[in-house]
Each structure stands twice: as structure tokens, then as C-alpha cells.
Amino acid sequence: RVLVIGSCGQIGTELTQQLRLLYGDSNVIASDIKFPTPHNPHEIFEHLDVLDNEKLSFVIEKHKITDVYLMAAMLSATAEKSPEAAWSLNMQSLLHVLELARNKKIKKVFWPSSIAVFGPTTPKENTPQFTITEPTTVYGISKLSGERWCEYYHQNYDVDVRSIRYPGIISWLTPAGGGTTDYAVDIYHEAFKSSEYNCFLSANTKLPMMYMEDAIKAAIVIMQAPKENIRVRSSYNLSAMSFTPTDIANEISKYFPNFKVTYSPDFRQRIADSWPSSIDDSHARDDWGWRHSFDILSMSNDIITNLKTQSSKAS
Ligand code: VAH
């Protein structure tokens, strides 16, 4: 049985839906500190604060969980405002789950890391799998520490934890939650609401990005790969495309010719400037067959099509 922790989050919502399609509703238990909304109507739901270790162990036992997808975290922008809370949530949640795996209470763990583990001293273009990682954000520090723990628990206790350094993830169904790349989610929704969007990053801020469908596919494919294929036990670089706010504005203007984007960089610009512009994910492609499906054209078309359908249903 599978437990998704953080099933109401940006990735968790659609990940839970896909896992239910794959394994059946009764084999996928959703859990979150928030309660489900119409966005994420989970068949089997447990209200869970992942820091409540007792409740977590109870849920694992009650549902005979074998695989855990730990999707709960505080993202980069929010974490800068609440460093201690971010460290506690992002770190303690992982350590609790790794301990359960060490004690053989669960068999397999998926834990998302992020390109946020890279910092200003990391090579910016085509960032290699193994390189300098001096993150300058609370979120990046917590993700880098998490990667070190994943590798430690694998090497010392043979824990089967698998991790991916996600780039910015773009979704239409679920809102993004407190990240630096959220502009790329918000801007599409704004195109349907008003004729302009004020972007909190500068026009030419190039960042590695991925469409939600690819992000979900990656989590499921890495978890289904034979154990011996997973040679990187810190976290795999992963990417699909890189783009700037200008690139997205140009895509949207194909559908909304009068759409106007203005740029007012805020504190999140410093975070974005510390991250790479593009990622070398050849290890993921070689080790477990990673292949992305969406580029900026097919992603934009998919988002606009779905938002059109959603808005026509709503009206
Ligand atoms: C964030 N969406 O912006 C997340 C992600 C690489 C970005 O980690 O914090």
C-alpha cells in the first residue's frame, strides 16, 4: 500500500490521483495537515501532521503501508520568512520516515529534493550531477541536508530511498505554494482573469522547469525502477526545459494577444539568481530511463486547453 504525505500540495494532489489510477483507490492512502478540497477528493484520507511521529506510525501500521511518497515541505520563498519552521518541517519529516524505513516498518521512500541545493558558486549552465552545492536559501540548505541523510541511510542501513532534484514545476490544476517559480503557474491563471500580470522575477530570469505531468511520471518511474539501477542515492538531477518569464509571456500572447506582462522583481529574485539556468540530467536518463514529454509549447497548449475547459464548466 502507498501513503502520500502532503497529498493536498502542488505535486501531492496530482501524484495521488495518478497513483490511484495505477494501484487502485484502496491501495493509495492520502494524508495532509490540510483537509481535502474539491481539488483533491481523496478516497482514503488520513489527517496527518507529518511531525506527529506517533500518528505517522499509527497510519503506517493501520494501512499496512509499504511505500511512502513524502511530499510535505515548506518551499523556498516561504522558508526564507520562517527558517526554523522550514528546517523543522523539511528535516524532521524526512528523518521520521527514514527511521521507519530503517526499522523495516516501510519498504521504499520517495523524497523530492530540488535544484535549490545548488548555489551561486555552482556552474550555472548544464549543471552537472556531481558539483559544488553551496545553497544560500533555507529551503536549499534543508534539501541539501536531506540528500545527505538519504545517502547516509542507504549506505549504512540499506534504506531504499529514492530522490529527484526537481526544477520549477508548472501545474494548472493545483496552485503553487510559496515557491520562487510560482510565477510560471500564476501567469496562466492571470491570463484568464485579467489582461495583465505583474511578474515578481525579471524578464530574463532563466530557470530549469518541468510540467507537472512529467514531474509525476518521474516520481513513479524512479520508484518502479529495479533497486540496482538507482546508482545515485543522494538525489538525481532532473529537467525538461529552461525558460524565462519572457518566453512564457510570448507563449501566452499566442492565445491572448492583448495579454501584458510587467516585471517587478522582489526578494525572490535573489533566490532565483542563486539557482542554475539549465541542468544536466544524463544520470537519470542513463540509470532509470528518464525521458521528459513536455516542452514549453506542448505544456502551454495543455494548460490553456485545460483552463479553458475549467472556465467554461465554471460559467
Ligand atoms: C520553489 N517550486 O520554487 C520550488 C522549487 C526549484 C523550485 O524547489 O521553491
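Values below: every heavy atom of this structure, side chains too, minus hydrogens, waters and symmetry copies. Just so you know, these numbers come straight off a predicted model, no measurement behind them. We count ligands from 1, going down the list as the structure has it; atoms in each ligand are counted the same way.
Ligand 1 has no nitrogen or oxygen under 3.5 angstrom from a nitrogen or oxygen of Tyr166.
Between the side chain of Asp287 and the backbone N or O of Ile230, no donor-acceptor pair lies under 3.5 Å. The backbone N or O of Val117 sits nowhere less than 3.5 Å from a side-chain atom of Thr133 that would complete a donor-acceptor pair.
The option with the heavy atom closest to atom 9 (O) of ligand 1, from among Ser76, Gly140, Ala79, is Ser76. Of all the listed residues (Thr78, Ile115, Ile11), Ile115 holds the heavy atom that lies closest to atom 6 (C) of ligand 1.
Phe267 has its ring centre no less than 6.0 Å from the ring centre of Phe200.
For the residue pair Tyr188/Ser300, the side-chain donor-acceptor check at 3.5 Å is satisfied.
In this pair, His292 and Trp290 present their aromatic rings tilted. The plane angle is within the 30 to 60° band.
Ala116 does not count as a contact of ligand 1, since none of its heavy atoms falls under 4.0 Å from the ligand. Using 4.0 Å as the threshold, Thr181 has a heavy atom nearer than that to some atom of ligand 1.
When non-hydrogen atoms are compared, ligand 1 lies under 4.0 Å from neither the backbone nor the side chain of Pro208.
Of the protein's non-hydrogen atoms, the one nearest atom 3 (O) of ligand 1 is Thr180 N, 2.7 Å.
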Extract all donor-acceptor atom pairs below 3.5 Å that involve side chains of residues 82-92 and protein atoms in other chains or at least two apart in sequence.
unit_1, atom_1, unit_2, atom_2, d
Asn90, OD1, Met74, N, 2.8
Asn90, ND2, Met74, O, 3.2
Asn90, ND2, Ser142, OG, 3.1

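Atoms of ligand 1 found under 4.0 Å from any heavy atom of Leu75 (numbered from 1 in listed order, with element): 9 (O).
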